[in-house]
Amino acid sequence: MTQKAIGILTSGGDCPGLNAAIRGVGKAARGMYDMQVIGFRDGFRGLVENRVVRLDNSALSGILTLGGTILGTSRDKPHQMPVGNRTMNMIDVAVDNYHRHHLDVLVCLGGGGTHKNAYRLVKKELNIITMPKTIDNDVWGTDVTFGFDTAMGIAAEAIDRLHTTAESHHRIIVVEIMGHNVGWLTLGAGIAGGADVILIPEIPYDIKSVADAVLGRSRAGKRFSIIAMAEGALSQEETAQALTKSKKGSKKKNRATSEHSDLAHESASVRLARQLQALTRLDARVTVLGHLQRGGVPSPTDRLLATRLGTACAELIEREEYGVMVAARGESCKAVPLAKVAGRRKTVPLDHPWIRSARLVGTCFGD
Ligand code: F6P
């Protein structure tokens, strides 16, 4: 039997654990199954531009604990890629480069966008396997994504640190946590860090209910509050406005955005702090954690998960089971058809046990 050839790329926002996953696939594929492994630089852009790196033993060694991705990443989509000053469909070029390297499979590590792009290549009859990474934990079909645990640890530690300064100064501190569309990270870190209020995109908030929670704490002698807020959390009013805009279509949406350009420039967390300061007369501050949450050394849990998924990926390649995402299911890994995953997002269910637990310890969700 001829030696199999694997290509690997990492696409979308980086996260801790990507290198552990590359190492997991690469070491198992090379050491156990005698396959050849190459990487494409900077996501789908490297596939289109044929920028390749050999993933030999030395490239795969010493990267388990390394943050980021040794391959580099980008948010480029092969079907809409900026080339010079034009945006072009480069899918056929990507397909040609796959064949140029006589690949048996292309392994794509990424989040929601990557799964959609990878599925476009499945439709072009390429053999594809994906692995779910993102600090947002919003990939459908897997229990959890790698990168999430590390980011949750970073955000929880930030909340711990903010507690002491908020308490000393009797302040409200709004801590903005990544997550435009889903609140897993804010919810997990908020519960672990003991945030008093948790605001996530899935639960539109009422500013009065948030202010009441803060004032209630003041009356009980706790003159500080920590509010964990996802970057995409919206008030009930903003949610209703956004719904009306999307019903009216994109042209009207643009007009509405320019009408509210002052609001567009103020982040949701700054707006919330300003409103709470006015309603409670307590001093308020904002801390935006931003890309800190995506940087640095992966947690042991993420290293373990990435290694499990990576090695399971190599086993799938050996069995020639393609067109799937390697998902975490309990202690095992499961191949989920990409056709099912692409275009779906795992949001926080409103009756999720984490939300119930948080409510039971008195956390306010602003609803
Ligand atoms: O998709 C992961 C994510 O970290 C989101 O939580 C965040 O909103 C976004 O990426 C930020 O993207 P960028 O790297 O383009 O700033």
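Start at 1 and go down the list; that is how both ligands and their atoms are numbered. Nothing here was measured: the structure is a model prediction, and the numbers come from that model.
Remark: side-chain polar atoms of Thr10 are not paired, donor with acceptor, to backbone N or O of Leu71 under 3.5 angstrom. In terms of modelled atom types and a separation under 3.5 Å, the side chain of Glu321 and the main chain of Ala335 share no donor-acceptor contact.
Closest heavy-atom contact between Met35 and Arg30: O-CG, 3.5 Å.
Closer than 4.0 angstrom to ligand 1 by heavy atom are Arg75, Ile135, Asp136, Met178, Gly179, His180, Glu231, His291, Arg294, sorted by chain and number.
Cluster annotation: Ile70 is connected to Val37 through the hydrophobic network of ILVMFWY side chains, with a link wherever side-chain heavy atoms come within less than 4.5 Å.
In this structure, Asp367 pairs ionically with Arg359, as a charged nitrogen and a carboxylate oxygen lie closer than 4.0 Å.
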Side-chain atoms of residues 183-199: list all donor-acceptor pairs with protein atoms under 3.5 Å, sequence neighbours left out, distances to 0.1 Å.
{"residue": "Trp184", "atom": "NE1", "partner": "Lys346", "partner atom": "O", "Å": "2.9"}
{"residue": "Asp196", "atom": "OD1", "partner": "Arg217", "partner atom": "NH1", "Å": "2.9"}
{"residue": "Asp196", "atom": "OD2", "partner": "Ile226", "partner atom": "N", "Å": "2.7"}

